[in-house]
Every structure is written in structure tokens, then in C-alpha cells.
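A short write-up of the structure that comes next.
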Amino acid sequence: MTQKLVIIGNGMAPGRMLEHLFEQAPGLYEVTIFNAEPRVNYDRIMLSPVLSGEKTFEDIIIHGDGWYIDNNVTLYKGHRIVSIDRNARTVTSDHGVTESYDRLVIATGSVPFIIPVPGKDLPGVITYRDLDDVDAMLLAAQSREKAIVIGGGLLGLEAAAGLALRGMDVTVLHVMPTLMERQLDPAAGYLLQKAVEERGIKVITKANTKRIIGTDRVEGIELDNGTIIPATLVVMAVGIRPNAGLAKDAGLAVNRGIVVDAGMRTSDGDILAVGECAEVDGMVYGLVAPLYEMARIAAAHLAGDTKPAFVHSDTPTKLKVTGINLFSLGDFADGDDREEIVLRDATAGIYKRVVIKDNRIIGTVLYGETSDGAWFNDLKKKGADISAMRDTLIFGQAYQGGSPLDPMAAVAALPDDAEICGCNGICKGKITSAITGKGLTTLDGVRAHTKASASCGSCTGLVEQLMSLTLGDAYNPAAVTPMCTCTELGHDDVRRLIKAKGLKTIPAVMQELEWKTSCGCAKCRPALNYYLVCDWPADYADDYQSRFINERVHANIQKDGTYSVVPRMWGGVTNAAELRAIADVVDKFEIPMVKVTGGQRIDLLGIEKEDLPAVWADLGKAGFISGQAYAKGLRTVKTCVGSDWCRFGTQDSTGLGIRIEKFMWGSWTPAKLKLAVSGCPRNCAEATCKDIGVICVDSGFEIHFAGAAGLDIKGTEVLGLVKTEDEALEHIVALTQMYREQARYLERIYKWAKRIGLDEIRRQILEDGEKRRAYYERFVFSQQFAQVDPWSERVSGKDKHEFKPMATVGFEAAAE
Amino acid sequence: MSWIAIGEIDDIPLRGARCIKTPTAKIAVFRTADNAVYAIENRCPHKHGPLSEGIVHGAAVTCPLHNWVISLETGAALGADEGTVRTFPVRNDNGRLSIALAEPALAAAE
């Protein structure tokens with residue numbers, strides 16, 4: 001008979017527990033979940049990538065709404081349980097819902113620790129725990145003002161890095177002398193501090209917060225030594241404590257956390273506790289691996305198998321900040337009975353330390369190069385005697401036993417019980433047997449069946465190596481999607497070969513790259529035409545028959561076969577003469593619709609194709625050129641009125657926008673390119689959702705890129721701050737050229753940036769001045785061929801055939 | 001059925017098309033990369049897109065509105081799509097093109 005299982009809390013541990021339970025004992029329980037957060041189960045350890053913009057919330061959902069429906073689970077979102085009545089065996093939520101249970105699982109997690117200083121309750125002081133906190137930080141980051149993160153541990157540093165990436169000026173206050181002192185020794189903590197500071201984050205160690213300053217909201221922090229640091233956002237990330245209040249009120253045994261036995265049972269046998277709120281054998285946990293282990297054991301006990309017992313094991317720590325690699329495991333304090341082996345490489349920023357006791361590894365710290373982490377972890381877990389390989393131990397697995405320096409061989413040499421995925425406790429044997437047993441050929445398949453690499457993702461490389469080892473040639477991680485059915489080659493290969501082989505016509509590309517069709521198709525031909533236009537601006541003759549109709553007739557086709565025409569309005573600025581000319585054209589050609597566009601210009605819709613040259617001729621007389629509103633190329637540069645008019649304007653945003661547009665118009669790009677310049681951080685030109693945007697500030701021009709506000713919505717990334725208009729133009733042009741040269745046809749800048757990495761773009765455009773100028777000069781070179789107004793060309797007679805019927809027949813016959 | 005002269009093959013760009021206006025419909029005349037000439041109704045069976053504005057590849061054209069691919073030889077949609085447009089016979093005498101139109105087609109096809 002079905003029993004009632006009620007779960008308080010909907011975090012990662014109970015979610016995992018239910019997965020195990022539904023697998024082991026389907027239908028045994030009717031499940032009800034009360035979640036204090038108003039949402040489904042998501043991957044909390046991936047909140048930092050959401051904060052930094054590398055992932056979205058949708059990316060980190062573990063169980064979507066459908067999962068609850070499929071498994072017949074009742075989920076009360078936004079319901080906080082306020083009491084447990086153990087006699088009546090019921091729980092009651094703050095919305096007044098009472099539910100009875102046969103078995104109850106408490107999974108209330110933890111609460112962030114708030115340092116008890118004056119001002120801790122001021123608006124603007126937040127913690128870092130759930131999606132609401134991330135949303136609050138993202139909102140605050142829009143101001144791009146100053147933020148303070150209290151706490152230089154794992155969470156604090158991830159929060160600081162995310163806020164800095166979002167454009168805030170961040171200071172980290174840490175009470176101890178070095179960062180992450182619980183996971184890192186002082187030497188590694190020092191390297192970490194340097195890396196953090198290189199990201200523009202200030203770090204103050206031995207910093208004791210005296211009070212948080214502010215009247216209506218937070219204004220700053222005062223330290224014990226009298227230092228005052230201004231800030232509009234304070235994030236407290238100083239630790240967590242188990243959230244055991246509810247259990248305590250219900251009369252369950254509570255120490256630091258809810259006391260449970262090795263089977264996850266509390267002092268009341270019908271009630272279990274899992275996750276951060278549970279205390280087993282005197283220990284509470286905050287990392288995901290032991291919490292998932294608790295979930296596995298609780299599920300077994302709920303399913304009736306009381307054998308599995310929780311055993312403590314050390315979990316390696318990793319920091320999820322892009323570009324910082326660190327690994328820490330076990331005990332690494334100094335001691336008389338311990339020895340250590342240390343490797344330092346200052347130039348490469350590498351530090352490795354292994355702590356040994358009685359010829360066995362008890363702790364490891366790796367900084368800068370962490371690929372041997374799994375191997376050290378395995379040696380430690382097994383208690384392996386390392387005396388035989390002592391001399392080479394620190395160099396890692398590749399140097400042992402004369403085996404070659406090949407990462408594949410290193411993975412091949414791992415025993416079947418070596419742990420690959422620390423988050424989910426998945427060993428090598430389980431992955432390889434799933435690959436062969438279930439016939440898995442994709443990483444997603446392995447993730448779905450084993451959970452390996454499905455949480456923090458840092459073991460993805462190892463999992464992929466295992467797949468190559470197991471599947472051989474059948475696994476091709478870099479399987480490229482061909483451009484179209486005319487070729488096996490992907491866009492990147494085609495671009496590379498066009499340059500490498502010096503191919504300068506579409507027939508040459510098709511011949512040399514062995515196209516399977518005689519003259520391509522509507523997918524590959526426009527792509528090839530763009531690649532050739534971009535790579536050989538002086539030599540290649542644009543093939544109009546390989547362009548989409550809009551770019552061939554320089555207007556936008558509408559559903560009824562008529563066209564729309566958008567003249568360029570530099571920076572969105574116009575005047576009476578221009579408007580009068582537009583009005584005359586509208587009257588003369590009886591244009592049915594006149595519409596102001598989102599790009600600050602005017603769209604004339606419903607024009608017959610045959611009328612286009614005459615319309616352009618009239619517009620041309622008033623000084624208009626094509627707005628290229630149809631082009632995979634530079635579209636618009638939106639502006640606000642800037643310092644000329646606006647009382648908040650910091651720079652001449654209108655002038656800069658016009659300058660950029662006049663410099664860049666006519667250029668073809670892989671996909672459309674929309675820009676904007678805002679005169680102050682109030683951002684009236686909406687520059688932070690554009691392909692490239694500029695936010696003017698007192699000290700200069702903040703350049704943004706890779707925003708989106710179409711199918712996807714995405715705020716921009718910050719490229720960097722430059723001081724002058726000239727520099728701003730150079731950076732924007734260089735970035736555009738890099739995108740032109742590297743992206744795949746129809747790939748918007750935000751997708752390209754995600755694919756090749758923001759750091760790489762910053763490195764080439766912001767840091768490498770030589771590279772930047774080379775890009776800039778190549779763009780300038782190509783513009784001499786691109787800046788030809790296509791409208792005036794056609795008014796002068798180019799492509800006449802496009803706009804006239806070939807023949808008109810049969811009208812006499814019909815008139816009879 | 002009568003043959004009507006419509007112009008020279010060089011009036012049409014290679015891998016391109018031109019239109020012929022008739023009282024009842026527009027006809028698109030295509031010239032492929034290997035100089036074959038085809039005439040089909042200028043109206044995609046899907047949402048009536050102007051096929052003459054599409055990209056010509058092999059003996060097919062991709063409609064500019066929603067990327068249906070139409071065979072110039074048969075007028076039928078290729079791939080998974082279903083639908084057919086009317087085709088018209090074309091004669092090429094040393095570059096001079098003429099098209100065969102049935103009298104009813106001229107007067108009142110639709």
C-alpha cells in the first residue's frame with residue numbers, strides 16, 4: 001500500500017534522494033514536497049556561473065516542472081513549513097497547508113551566517129545562498145558602483161569574481177591572513193590572492209568589520225582599524241550553519257545540525273534528515289559529494305534496505321572562477337610527524353604540495369595546474385604506500401613507472417574504482433560500464449545515465465577521455481556539424497581552408513574542398529560569399545546571386561512580396577529637411593505604412609519592387625543613403641542625447657555614435673550587428689543588450705559586447721574601460737574585425753563570444769595592443785571597398801534587370 | 001497553346017531569374033549555372049513567396065520567405081515539404097527564349 005512521504009525542502013540532496021528512491025522502489029510512496037523557495041530544484045553550486053553570466057538559470061535546473069508531474073510529486077512552491085506535529089504526524093506550512101506523513105524527510109539545508117555588527121539589516125546587505133540573492137546582486141551590479149564581499153572563502157571569492165565580471169568595483173574583506181585558509185596553505189592562498197587581484201578585485205586580509213555604515217541603505221563599511229570603505233552593496237559570505245530550528249522545535253535531537261545516525265534517521269525513527277542540515281557522527285557538510293551520499297543512503301532506507309551506512313570521506317575543493325585552477329584535499333597542516341613535497345614554478349604560477357604521513361598521502365594542494373587531482377585523491381583514498389615513487393610523486397601520474405606523458409594513458413592507467421566525478425561520487429568503472437552497457441556515445445548520454453560531470457562540470461575533460469578510451473574512434477568529441485548537405489566540412493574548417501589555400505572564388509572553394517553539389521545550396525552559398533568578401537576584400541567580386549534577396553535588392557522583403565526601405569539616420573539624428581523629403585516620398589509613391597524602428601530610424605513599408613530605384617533616387621537627393629536594415633552587416637548605432645543636452649550626460653554619446661556609424665557603415669559581418677552608445681550608466685540607449693555597446697562614464701568609455709535582445713535575452717559583457725573616443729573607436733572596430741574574421745556565418749556576436757571565450761577576446765582586443773591595431777587596420781582596409789552606397793549605385797543603373805519584368809505578355813489577348 | 005517570345009537568355013543572370021507578367025499570374029523564368037532555362041509560376045505553394053527572388057542552385061530554387069526548395073523541372077517541393085507550382089514549357093533558339101502558354105492560362109487560370 002502506498003505510504004505518504006513528505007519532504008521539507010527541495011534542494012539538491014532531497015532531489016537526488018528521490019531519483020534514487022523512484023529507481024529502487026517506484027510507487028512505494030506518494031510524495032509531497034514543501035519548498036520555501038518559489039521554484040523547482042536547481043543546481044545550487046552553479047549559481048556562481050549564473051552570477052558571472054556564463055550560465056542562465058534555465059541551464060542549471062535539475063528537475064523541471066515536468067519531472068514533478070511525471071513522477072506524481074506534489075510540489076508546494078514558496079511554502080515554508082512552520083511546524084511539525086510528531087504526535088499527529090503532520091506538517092503545516094506558513095500558507096496554512098497541513099499534510100500528514102508516514103515518513104518525513106527534513107532537508108532544510110543551511111542558512112548563511114550573518115556577522116552580528118551594527119547595520120547588518122540595512123537594505124543593500126545581502127547573503128549568497130539562493131537565486132534570489134543572485135538576482136539581488138545582478139540588480140545591484142547594474143549600477144556598476146562599489147561592492148564589498150565579506151569573506152574570502154569559496155563562496156565569497158566566487159561572488160566577488162561574478163560581481164567584478166558584471167562591472168562592479170569589488171573589495172573582498174577577509175578576516176584571516178590568507179584567502180581560503182581552510183582549503184589552502186598560505187603559499188597557495190598568496191597565489192590565489194594575486195590571481196584575484198589581477199582581475200581588478202581588491203583584497204584586504206586581516207580585516208575585521210566593525211560596523212556597516214548607512215542611514216536608509218548601506219553606504220560602506222568601517223573596519224576595526226578605522227578604515228572606511230564606501231560601497232552600495234555588501235555581500236556576506238562568511239559561512240553557513242545548519243538550518244535545524246524547525247527540527248529543534250519539534251523536539252528532535254539537535255546539536256550543530258539535526259543529529260542522525262549512519263542511516264540518516266533522526267531521534268524519531270519515522271523522520272530522516274539529509275543535506276546540510278544533518279549532522280552525522282559529529283560532522284556537518286557543505287560540499288555536494290557527501291550530501292549526495294546522504295541522499296543515496298536515505299533513499300535506500302526509505303526503500304526498505306537498511307544496510308547502507310554513511311561513511312565520512314574527504315572531498316576535494318575546487319573554485320569555480322574561470323581561469324583560476326585550484327584543488328585542495330584533506331589535511332595539509334604542518335606537523336612533526338609529517339613530511340611535505342613541494343613544487344613551485346613562479347613563472348607559470350604553479351604550486352603543488354603533497355603532505356605525507358607514514359608514507360601515505362593525507363593532504364594535497366594544487367594551484368595553477370590541477371589535472372593530477374583525481375590521481376592524488378585516489379592514492380589518498382586507498383592509503384597507497386608512496387615510498388617507491390617518492391622522488392617523482394609531485395610531478396604527477398604521467399611521470400610514474402615510465403609511462404608516457406600522455407593524458408589518455410594517465411586516464412587509462414586509473415583503476416576502475418578511481419573517482420572521476422567528485423560531486424556525484426562516480427568512479428571510472430561505473431562510467432565505462434555505462435558507456436558499453438547502454439551504448440552511450442555522447443557526453444550528454446553519459447551525464448544522463450551516470451550523473452558524472454553533470455554537476456559542477458570540472459571533470460568533463462576526464463569523462464571525455466574515458467569515452468574516447470572506451471569507444472575508440474566511435475567517439476568524436478569535436479564532431480563538427482557540416483555547413484550543409486553539400487559538404488562534410490564545418491564552417492570553421494571552411495574558413496581556415498579558404499585562407500590557407502588562398503581560395504578566392506566560390507567555384508574555387510567548391511572545387512578544392514570537394515563540394516558534393518554542382519553549385520551549392522541556399523545555405524552554403526551566402527556563407528561562402530560572406531567569407532570571401534571578408535577575407536579578400538580587394539580581390540573578391542561579390543556574387544549577388546549568392547546573396548539573399550534582401551541583400552541583393554537592398555531592401556527588406558515583406559510577406560506579400562513588397563519591400564520596406566529604411567534610410568540611414570546617423571546616430572538616430574534627423575532634421576526637418578530629411579523628414580520633409582521622407583514625407584514627399586511617402587506621398588509620391590503612396591507608401592501605405594511609415595513606422596519608427598527600434599534602431600532609431602524610419603521604415604517605409606509596402607513598396608513595390610519596381611518602384612525601389614525611384615524611391616531611392618528621391619531619398620538620395622535629400623542626402624540619404626541605405627540604412628542597410630536588411631544586411632548581415634552594420635545596422636544602427638543607437639544613441640542618447642548625451643552631454644550636449646542631458647543633465648546627466650558624461651560624454652558626447654550622440655557624437656561618438658555618429659562617428660562610429662560613419663566609420664563602420666557598409667561593412668558586412670557574419671550576422672547583423674547593432675550598436676548603441678549611452679551617455680551615462682542610466683543607459684537610455686539600451687547599450688547593454690546590444691552586439692556592441694558603449695556606456696560613457698566620467699572617466700571615459702566602458703565598452704560592452706555580446707548582448708542579445710532577440711530570441712535570447714542577455715546582458716552584455718564588459719570588454720573594458722578606455723579613456724578617449726579614439727581608443728573607444730579603435731577597440732570597437734578591432735572587436736568587430738575579430739568577429740568578422742572568426743565567427744560562423746549567421747552567428748551573432750554573443751554566440752561567437754561564448755564559443756571562443758570572453759577571456760580570449762579581452763586578451764586579443766584589450767590587452768594585446770599590437771593585435772588590436774592589426775585588426776583595426778584590416779577593417780579600415782576592407783572599408784574602402786565596402787563603403788559604397790548600394791542605393792545610389794542602383795539609381796545609376798546597376799542591376800537594372802532586378803527591378804523590371806523581363807516581359808509583359810498576353811494583356812491584349814485578355815483585353816478582348 | 002502558343003509560343004510567345006520573352007527575350008534573350010542573357011537578360012537573365014546566371015543562377016538567377018526574371019519575371020514575366022501575364023494578366024493572370026507572374027511567371028518566373030530561371031537560368032541555372034549550366035544555362036538551362038525553366039519557367040514556373042512565381043508563387044511558392046507554401047505562403048505564395050516570390051520564387052524568382054530565391055537563390056538558384058542546381059535545378060532548384062529556395063523560396064526567400066521560408067526556405068522551401070522547389071524543383072525547377074517539376075515544380076514540386078523537395079525534401080519534407082509538399083506542394084507543387086505550375087511549370088511552363090520554354091524554348092531556347094540560340095539564346096532567344098519563348099514560352100508556351102495555354103490560351104486559358106493566359107486569360108483566366110485563377
Side-chain angles (χ1 to χ4, degrees), chain A residues 484-487 505-507 510 515-529 542-563 608-610 612 630 746 798-816, chain B residues 2 4-29 31-34 39 42-44 47-69 78-79 97-99 101 103 105-109:
Chain A
C484 62
T485 51
C486 303
T487 177
T505 65
I506 289 180
M510 290 181 174
W515 240 242
K516 293 186 278 186
T517 51
S518 63
C519 70
C521 69
K523 269 190 185 149
C524 59
R525 285 237 309 275
L528 294 178
N529 189 57
D542 202 324
D543 176 21
Y544 269 78
Q545 296 311 130
S546 294
R547 286 196 176 271
F548 288 119
I549 183 64
N550 288 357
E551 294 186 348
R552 201 160 76 228
V553 303
H554 296 276
N556 296 62
I557 195 166
Q558 304 298 317
K559 60 181 271 192
D560 61 353
T562 65
Y563 288 82
E608 295 295 335
K609 190 180 180 192
E610 287 151 48
L612 287 172
Y630 46 79
L746 300 183
K798 185 176 164 136
D799 289 344
K800 253 192 298 212
H801 62 83
E802 274 289 355
F803 305 99
K804 279 198 296 213
M806 185 181 188
T808 302
V809 299
F811 281 91
E812 301 86 338
E816 293 176 338
Chain B
S2 61
I4 300 168
I6 53 171
E8 304 283 323
I9 191 167
D10 288 339
D11 293 342
I12 310 172
L14 271 175
R15 294 172 299 154
R18 296 286 300 276
C19 273
I20 298 177
K21 277 191 175 174
T22 76
T24 52
K26 267 191 180 174
I27 296 170
V29 185
R31 179 185 180 192
T32 65
D34 46 8
N42 189 31
R43 189 177 146 96
C44 181
K47 299 260 178 160
H48 308 162
L51 294 170
S52 59
E53 317 282 41
I55 287 179
V56 181
H57 45 95
V61 62
T62 297
C63 178
L65 291 196
H66 306 96
N67 296 324
W68 278 37
V69 179
L78 301 176
L97 304 180
S98 43
I99 186 171
L101 294 178
E103 301 294 346
L106 276 178

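A, B, ... follow the sequence lines: proteins, then strands. Residue 1 opens every chain.
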| In terms of heavy-atom proximity below 4.5 Å to chain A, should L65(B) be classed as side chain, backbone, both, or neither? | side chain

| With a 4.5 Å heavy-atom cut-off, do I55(B) and R525(A) have their side chains touching? | yes

| request: Would you mind telling me which of Q558(A), K523(A), E610(A) has the largest number of heavy-atom pairs within less than 4.5 Å of chain B? | output: E610(A)

| request: Walk me through it: do Q545(A) and V56(B) pass the test side-chain contact (heavy atoms from CB on, under 4.5 Å)? | output: CA-CA 8 Å; Q545(A) 296 311 130; V56(B) 181; 5.6 Å; no

| Which of C486(A), G561(A), S518(A), C519(A) touches chain B most, by non-hydrogen pairs under 4.5 Å | C519(A)

| request: Taking atom NZ of K798(A) as the centre, report whether more than 12 heavy atoms of other residues, nucleotides or ligands fall under 6.0 Å from it. | output: yes

| field | Contacting region of L97(B) [heavy-atom separation from chain A under 4.5 Å] | value | side chain

| field | Nearest heavy atoms of R18(B) and P805(A), plus distance in Å | value | NH2-O, 3.4 Å

| field | S546(A) vs R15(B) side-chain heavy atoms within contact, under 4.5 Å | value | yes

| message | How long is the straight-line distance from CD1 of I557(A) back to CD of E53(B), given to the nearest 0.5 Å? | response | 5.0 Å

| Which portion of S52(B) sits near chain A, non-hydrogen atoms under 4.5 angstrom | backbone

| Where does K804(A) contact chain B at under 4.5 Å (heavy atoms): side chain, backbone, both or neither? | both

| query | Which bit of D543(A) is near chain B, if near means a heavy-atom gap under 4.5 Å: side chain, backbone, both or neither? | reply | side chain

| Got a second to check how far N67(B)'s CG is from F548(A)'s CZ, nearest 0.5 Å? | 6.0 Å

| remark: In terms of heavy-atom contacts, M806(A) and E8(B) come closest through CE-O, 3.5 Å

| message | So for R552(A), is it side chain, backbone, both, or neither that comes closer than 4.5 Å to the heavy atoms of chain B? | response | side chain

| message | Using 0.5 Å steps for rounding, measure from the NZ atom of K26(B) to the OG1 atom of T808(A). | response | 9.5 Å

